[in-house]
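Inspection log for the structure reproduced underneath, given as structure tokens.
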Amino acid sequence: MNGRPGAAVLVVVGAGPRATGLLERIAANAPELWRADRELRIHLVDPHPPGPGRIWRHRQSPLLRMNSMAEDVTLFTDASSTIEGPVRPGPSLAEWAARFHGAGADDPPHSPGLPGSPAREAPSPRPAVPPGRTPPPGTPAAPADGGEPRPGSTPSYRPGTTPRPPSSPHPPSSPRPPSPPAGRGAAPPGPPASPGPGRVPPPGSQAVPGPDGPPPPSADPDVLAELRALRGTDFPTRRAQSAYLDWVFRRALADLPPSITVTWHRATATAVTGPADGPQHVHLAGRATPLTADLVVLAQGHLGAAPDAVHRGRAAFARRHGRFHLPPEFSADADLSALRPGEDVIVRGFGLAFVDLMALLTEGRGGTYRTGPGGVLTYLPSGREPVLHVGSRRGVPYHAKTGYRLQGPRPPLPRYFGPAAIGALLAGGRPLDLRRDVWPLMAKEIGFGHYHELFHAHPGRTALPWPEFLAAYDHLDWHSPAMAGLVGAAVPGPADRLDLASLDRPLDGLSFPAPEDFQDHLRDHITRDVTRRENPEFSADLGAFLALLSVYGQLPRLAAAGRLTARSAADDLDGWWHGFFSFLASGPPGFRLRQLLALSRAGTVRFAGASLQVGTDEATGTFTASSPTVPGHTTHATALIEAHLPRPSLSRTEDPLLRSLYRAGALTEEVIADPTRTHHSGLLAVSPGGHVIDPAAGGPHPRRLALGAPTSSRALAAFARPHTDAPAFRQNDAVARALLRTLGTAGAGPAPSPADGRPLQV
């Protein structure tokens with residue numbers, strides 16, 4: 001006997017960007033925290049290939065783009081990261097894509113949809129077209145087989161190698177169940193079908209090169225061409241991001257020490273069982289034998305949810321009248337084929353989901369744009385487009401993303417809303433109201449970023465030296481008359497002053513006598529917005545944006561402290577703030593808004609107004625939309641699209657694992673309660689360290705953790721802008737270190753079950 005301890009086993013449910021970021025942090029911290037003679041087996045469970053996962057899979061429309069510039073996307077820590085583990089810088093998407101510049105057709109670097117990917121994912125399953133409706137002519141059919149391994153196959157990855165699927169042909173994924181016969185799109189698609197029986201990769205599989213090794217000859221020519229031409233200020237396709245995420249996953253694998261192996265199970269996790277003080281059993285669809293683990297991490301990312309009561313009522317209306325209704329859905333997964341050419345469609349939501357749907361229903365149906373004098377776009381319809389009547393709470397699209405870099409030095413953030421300020425707020429010992437107690441500091445921070453850039457990059461438009469302005473700014477409250485006086489004296493031009501209230505609700509107090517008057521007004525508003533966001537003379541907007549990101553990164557600590565009142569958590573944090581941040585920071589690239597203007601001029605898109613009220617008319621069998629922006633005007637339509645993501649909900653989640661744990665009482669949603677209100681956020685309740693709150697255990701479950709979008713940590717984004725000390729990176733590092741410490745002290749690990757597969761030999 002050699003006296004060496006047995007293998008430790010970690011199961012991570014989900015293999016998308018969040019799991020990839022965790023794996024990168026495990027690799028970074030292993031030299032310090034993991035014994036070289038101790039084996040750690042990591043099992044990733046996800047029906048979609050690791051790295052991109054479901055949301056960023058390669059198989060989606062090439063029309064869908066990111067809303068970030070290529071140089072603003074990274075999964076790697078940097079000098080700004082406040083973490084205990086080692087900082088391991090890596091390339092941004094733009095820096096990684098630069099490796100393709102000048103590469104020959106037969107020698108591209110590794111990436112998804114490109115040579116050497118773990119597997120090309122099967123197409124996104126789409127529901128059947130409801131009876132009586134056929135896809136319009138020219139509508140793309142569901143994609144063909146993407147050549148993935150059979151569901152349930154379990155490639156294993158040795159450090160320094162990357163996976164490759166078996167060479168035999170493979171069937172496509174099972175589609176979602178078709179919609180019911182009554183009503184066009186009336187009911188949401190069901191959860192994905194369970195994958196089939198597992199299959200072990202055959203012995204003698206060929207070695208596969210690492211992230212920097214020579215690739216196989218095949219490649220996706222469209223993605224490769226994009227990467228070769230990609231500039232840092234371009235807005236990449238989501239397929240290019242898929243390629244980057246695949247490469248990051250491969251790099252993380254290559255960085256693992258020899259004692260840590262990774263196995264990917266292309267399957268869906270359906271349950272986790274086991275006592276708090278014993279091994280955990282992760283059950284997979286289509287397999288009799290579960291995976292047995294010391295610890296389990298849930299990292300499923302953004303999840304779908306069954307419709308709530310309001311959407312179920314609208315679906316029932318659609319069934320009764322043979323109409324089309326699409327509940328909240330991920331745009332890449334939505335089946336839009338039942339929408340007829342020229343059909344009037346009410347679209348509720350003016351954010352990124354709308355922008356995606358706009359592209360799919362116009363260019364995706366054969367329409368094109370022509371650039372005329374002065375760069376003005378004209379839309380040339382194919383004749384297959386519906387007519388989109390779009391409105392929302394604000395009634396305007398999200399602000400366009402800036403298309404330039406800072407013109408001055410980077411603002412030193414945080415200054416007014418950092419750890420010290422949050423500590424002072426929490427030390428007060430009283431319940432906090434975000435708008436009253438916290439927002440003034442947040443707004444002052446955003447203002448600092450704005451004016452720092454204005455004074456440094458455009459001093460000719462200021463009337464005071466920066467040190468003098470800053471000395472006064474430091475001592476004034478954001479909402480005070482003295483602050484308004486300081487800004488008025490130091491910044492002569494109204495267009496250079498930061499007015500957050502006007503930015504938030506640009507249509508407040510406005511009404512128009514006729515729909516056409518509002519169309520003209522909103523086209524002018526959009527034109528001014530996109531023109532400003534493309535002009536570096538207004539780079540102070542980018543300074544404010546960076547400060548907004550800094551504020552966003554500090555809020556999770558405040559939220560986790562549980563000191564916000566229930567009303568403020570519901571209305572301010574999860575309500576107003578989430579919408580305000582998205583409106584300012586998560587808008588589309590400017591070219592999308594120029595396309596929107598062209599579609600408006602062509603009559604393909606109609607603006608419906610703010611505070612949109614959606615209803616139904618049983619007499620006419622139509623959906624209705626009205627807005628105080630155009631009093632007395634009502635739009636009737638035969639289709640309704642809810643253009644926003646599903647709200648988090650454990651009671652309605654489509655994820656079978658979370659659903660089973662919730663019904664078993666093994667986890668709970670976050671509930672914030674005080675004497676005046678109870679707020680059910682729908683988020684999975686976790687401890688500050690990421691452990692799942694298990695009511696049966698009376699607190700945090702010692703062997704189950706959860707990260708990312710569905711959790712109360714509110715550290716949503718799996719990747720981030722460089723140099724922003726991203727909350728997700730901080731959480732990934734802390735959790736990775738805790739996992740390694742806990743697993744390193746565990747006893748002999750469980751024996752691998754028959755479903756564990758075998759490693760590829762190298």
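Computed from a predicted structure; not experimentally measured.
The backbone N or O of A471 sits less than 3.5 Å from a side-chain atom of H475, completing a donor-acceptor pair. At least one donor-acceptor pair closer than 3.5 Å links the side chain of T462 to the backbone N or O of P459. Between the side chain of R25 and the backbone N or O of P86, at least one donor-acceptor pair lies under 3.5 Å. Within the 3.5 Å criterion, the main-chain N or O of F538 finds no donor-acceptor partner in the side chain of N535. A distance-only check finds a donor-acceptor pair linking the side chain of Y451 to the backbone of L498 [under 3.5 Å]. In this structure, S627 contributes its side chain and A610 its backbone to a donor-acceptor pair below 3.5 Å. In terms of modelled atom types and a separation under 3.5 Å, the side chain of S392 and the main chain of G395 share a donor-acceptor contact. In this structure, D78 contributes its side chain and H723 its backbone to a donor-acceptor pair below 3.5 Å.
Side-chain contact annotation: D474 with Y416, donor-acceptor N/O pair under 3.5 Å present. Of the N and O atoms on the side chains of N29 and R737, at least one donor lies less than 3.5 Å from an acceptor on the other residue. When only modelled atom types and interatomic distance are considered, Q613 and R348 share no side-chain donor-acceptor pair under 3.5 Å. Using modelled atom types and a 3.5 Å distance limit, the side chains of D674 and T676 yield a donor-acceptor pair.
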side-chain contact (heavy atoms from CB on, under 4.5 Å) between L707 and T711, worked out: CA-CA 6 Å; L707 302 175; T711 72; 5.7 Å; no
Salt bridge (Lys or Arg N to Asp or Glu O under 4.0 Å) between R394 and D504, worked out: CA-CA 8 Å; R394 291 181 176 85; D504 187 18; 2.7 Å; yes
Check against salt bridge (Lys or Arg N to Asp or Glu O under 4.0 Å), D571 and R435: CA-CA 10 Å; D571 298 344; R435 295 297 290 267; over 6 Å; no
From CA spacing to verdict: side-chain contact (heavy atoms from CB on, under 4.5 Å), L739, L22: CA-CA 10 Å; L739 290 172; L22 178 64; 4.2 Å; yes
From CA spacing to verdict: side-chain contact (heavy atoms from CB on, under 4.5 Å), H578, F583: CA-CA 9 Å; H578 176 75; F583 181 58; over 6 Å; no
Test log, rule side-chain contact (heavy atoms from CB on, under 4.5 Å), inputs V530 and E534: CA-CA 6 Å; V530 72; E534 291 176 346; 3.7 Å; yes
List the atom pairs, donor and acceptor, that lie under 3.5 Å between side-chain atoms in residues 477-495 and the rest of the protein, sequence neighbours left out.
{"unit_1": "S480", "atom_1": "OG", "unit_2": "D477", "atom_2": "O", "d": "2.8"}
{"unit_1": "S480", "atom_1": "OG", "unit_2": "M483", "atom_2": "N", "d": "3.1"}

Please table the atom pairs, donor to acceptor, closer than 3.5 Å between any side-chain atom in residues 679-687 and protein atoms at least two apart or in another chain.
{"unit_1": "H679", "atom_1": "NE2", "unit_2": "D574", "atom_2": "OD2", "d": "2.9"}
{"unit_1": "H680", "atom_1": "ND1", "unit_2": "E669", "atom_2": "OE2", "d": "3.2"}
{"unit_1": "S681", "atom_1": "OG", "unit_2": "E670", "atom_2": "OE1", "d": "2.8"}
{"unit_1": "S681", "atom_1": "OG", "unit_2": "L683", "atom_2": "N", "d": "3.1"}
{"unit_1": "S687", "atom_1": "OG", "unit_2": "G689", "atom_2": "N", "d": "3.3"}
{"unit_1": "S687", "atom_1": "OG", "unit_2": "G690", "atom_2": "N", "d": "3.4"}
{"unit_1": "S687", "atom_1": "OG", "unit_2": "H691", "atom_2": "N", "d": "3.1"}

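For H399, the side chain to side chain donor-acceptor pair (under 3.5 Å) partners are D529, not counting sequence neighbours. In this view, D356 and L64, R238, S331 satisfy the side chain to side chain contact (heavy atoms under 4.5 Å, CB included) rule, not counting sequence neighbours. In terms of the side chain to side chain contact (heavy atoms under 4.5 Å, CB included) criterion, residue partners of P409 (sequence neighbours excluded) are, by chain and number, H452, H456. Residues passing the salt bridge (Lys or Arg N to Asp or Glu O under 4.0 Å) test with D433 are R567, sequence neighbours excluded. Looking at residues two or more places apart in sequence or on another chain, you find a side chain to side chain contact (heavy atoms under 4.5 Å, CB included) between P465 and P467, E468. Listed by chain and residue number, nothing satisfies the salt bridge (Lys or Arg N to Asp or Glu O under 4.0 Å) test with R703 (two or more places apart in sequence, or in another chain). V248 pairs by the side chain to side chain contact (heavy atoms under 4.5 Å, CB included) definition with T20, L75, F76, Y244, not counting sequence neighbours.
Between F417 and L555 there is a side-chain heavy-atom pair separated by less than 4.5 Å. Here the side chains of R393 and S611 are not in contact, with every heavy-atom distance at 4.5 Å or above. By the 4.5 Å heavy-atom criterion applied to side chains, L406 and P411 are counted as neighbours. Counting only heavy atoms from C-beta outward, the side chains of W576 and L434 approach each other to under 4.5 Å. Between V11 and V297 there is no side-chain heavy-atom pair separated by less than 4.5 Å. You'll find the side chain of L33 reaches within 4.5 Å of the side chain of R741, heavy atoms only. Considering only heavy atoms from C-beta on, F350 stays 4.5 Å or farther from Y398 through its side chain. Side chains of L425 and R563 form no contact here, defined as non-hydrogen atoms less than 4.5 Å apart.
Between W439 and F580, the ring planes are perpendicular. Angles over 60° get that label, and only those under 30° would be called parallel.
The two atoms that bring E95 and S92 nearest to each other are OE1-N, 2.8 Å, heavy atoms only. Smallest separation of non-hydrogen atoms from L645 and F330: CD2-CD2, 3.5 Å. Nearest approach of V396 to P506, heavy atoms of both residues: CG2-CG, 3.7 Å. Heavy atoms only, all atoms of each residue included: A706 and V692 are closest at CB-CG2, 3.9 Å. V12 and A19 make their closest contact through CG1-CB, 3.9 Å (heavy atoms, listed as atom of the first residue, atom of the second, distance). Residues S80 and T724 share a closest heavy-atom pair of OG-N, 3.4 Å.
If you look at W56 and F719, their ring centroids are closer than 6.0 Å.
Counting only residues at least two apart or in different chains, salt bridge (Lys or Arg N to Asp or Glu O under 4.0 Å) contacts with residues 535-548 comprise R461-E537, R532-D541, R533-D541. Residue pairs satisfying the side-chain hydrogen bond (donor to acceptor under 3.5 Å, both in side chains) criterion with at least one member in residues 66-75, sequence neighbours excluded, are listed as follows: E71-R405, D72-R721. Judged as a salt bridge (Lys or Arg N to Asp or Glu O under 4.0 Å), the pairs with a partner in residues 723-732 (not counting sequence neighbours) are, in order, D725-R730.
Salt bridge annotation for D437-R430: present, with a cationic side-chain nitrogen under 4.0 angstrom from a carboxylate oxygen.
Within the cation-pi definition used here (under 6.0 Å to the ring centroid, within 45° of the axis), R415 qualifies as a partner of F448. A cation-pi contact, defined as under 6.0 Å to the ring centre and within 45° of the axis, links K444 to Y473.
The distance from atom CD1 of I83 to atom CZ of R88, rounded to the nearest 0.5 Å, is 10.5 Å.
A side chain to side chain contact (heavy atoms under 4.5 Å, CB included) with R704 holds for exactly one of L661, L667, L298; it is L661.
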